Amino acid sequence: MSRPVLASIDLQALKENLAIARRAAAGARVWSVVKANAYGHGLDRVWNALRETDGFAMLNLEEAILLRERGWKGPILLLEGFFHADELPLFDKYRLTTSVHSNWQIKALQNARLHAPIDVYLKINSGMNRLGFAPERVNSLWQQLRGMSNVGAITLMSHFAQAENTDGVAAPMRLIEQAAEGLDCPRSLANSAATMWHPETHFDWVRPGIVLYGASPSGQWQDIANTGLKPVMTLSSQIIGVQNLRAGDAVGYGSRYRASREQRIGIVACGYADGYPRIAANGTPVLVDGIRTGTVGAISMDMLAVDLTPCPQAGIGTAVELWGQEIKIDDVAASAGTVGYELMCALAPRVPVVTV
Ligand SMILES: *Cc1c(COP(=O)(O)O)cnc(C)c1O
């Protein structure tokens, strides 16, 4: 028997989540965002379950080429475009759509020798202030790109800084309207939060990521609890040790937890080297033998401890769900001061993965 930690990926849930995102933005086409190795789920493992999508969006040229080699013939969008002009022959060869967010990229496109024009997503900075052109420059850039023989179809693109908050999308939408004034061209604006909660942003192409994997763009599971979205990744393990504490006994590094009474605890084969967040607080939810309980003490590299008070029948070999169907990754993340995105992406390479 090997170490019992395991991630299982529910491909049916992924498929259904895509259908839910599509229904939420009926009329728009869908870029399934699979950057960061499909948010830690494994691009090669999951892309086929998403083949009902209209296109795949990502960051990494190698991942885009992998999809082509696996036989995906539909659109592929590189969300940050090319990082250097010498990548353009590969965009040409593999027929990739590029985002364009900086002057140097436009120059590089102008100077490239291509077999056929490349489709372009012209990125507007609508207040995130990471990538993109100021709205007032967009009209003239659009005209310039339209005149270039290396440029095919042009779509306006922007990315929201807080579509999941109450401030929402109103201010960025005004800037995007300003940028798009007088331009008759398609738009792609919506991330998961905007796809689910802001229909006025949908336009031609939406770009959901996190909801495909069944976690909440806001970090709060209750915000998506009624949508039918299902967690795709389950991280599970087993109890490999049991300790009977007396009042005053401490658990783990730094003695971050101390028993106030006699208490039975279980040691689970999962730690921060598997991707479980080290700073998860005492009481972070865990499912042991189907019963909700919580962590006690610091998370170690290879182990964590759980309170067995609510599940006295549990012992060595008992099944533990760290996150998944019952224990929402959003809740574990919240207990560690982060979001589900980070935990998914941080699943460690040493964790074996199976698809179901
Ligand atoms: C990551 C990303 C998305 C998807 O974001 P989610 O919040 O996961 O839906 C969409 N567009 C761009 C440009 C991105 O970088």
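Please read all numbers here as calculations on a predicted model, not as lab measurements. For ligands, and for the atoms within them, numbers begin at 1 and follow the listed sequence.
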Using a 3.5 Å cut-off and no angle test, enumerate the donor-acceptor pairs between side-chain atoms of residues 298-308 and protein atoms at least two apart in sequence or in another chain.
| from | atom 1 | to | atom 2 | distance (Å) |
| --- | --- | --- | --- | --- |
| D302 | OD1 | R350 | NH1 | 3.1 |
| D302 | OD1 | R350 | NH2 | 2.9 |
| D307 | OD1 | Q263 | NE2 | 2.9 |
| D307 | OD1 | T309 | N | 3.0 |
| D307 | OD1 | T309 | OG1 | 2.5 |
| D307 | OD2 | T309 | OG1 | 3.4 |

Near ligand 1, which residues have a heavy atom under 4.0 Å away from one of its atoms?
V33, K35, Y39, L79, M157, H159, N191, S192, R207, P208, G209, I210, Y341

R146: what forms a side-chain hydrogen bond (donor to acceptor under 3.5 Å, both in side chains) with it, not counting sequence neighbours?
Q143

Walk me through it: do R292 and E321 pass the test salt bridge (charged side-chain N to carboxylate O under 4.0 Å, His left out)?
CA-CA 9 Å; R292 282 178 81 93; E321 179 184 298; over 6 Å; no

Parallel, tilted or perpendicular: ring planes of Y39 versus Y213, cut at 30 and 60 degrees
parallel

Could you tell me the separation between the CD1 atom of I224 and the CD1 atom of I20, rounded to the nearest 0.5 Å?
9.0 Å

List in chain and number order the residues that pass ring pair (Phe, Tyr, Trp, His ring centres under 6.0 Å) with H159, two or more places apart in sequence or in another chain; answer none if no residue qualifies.
none

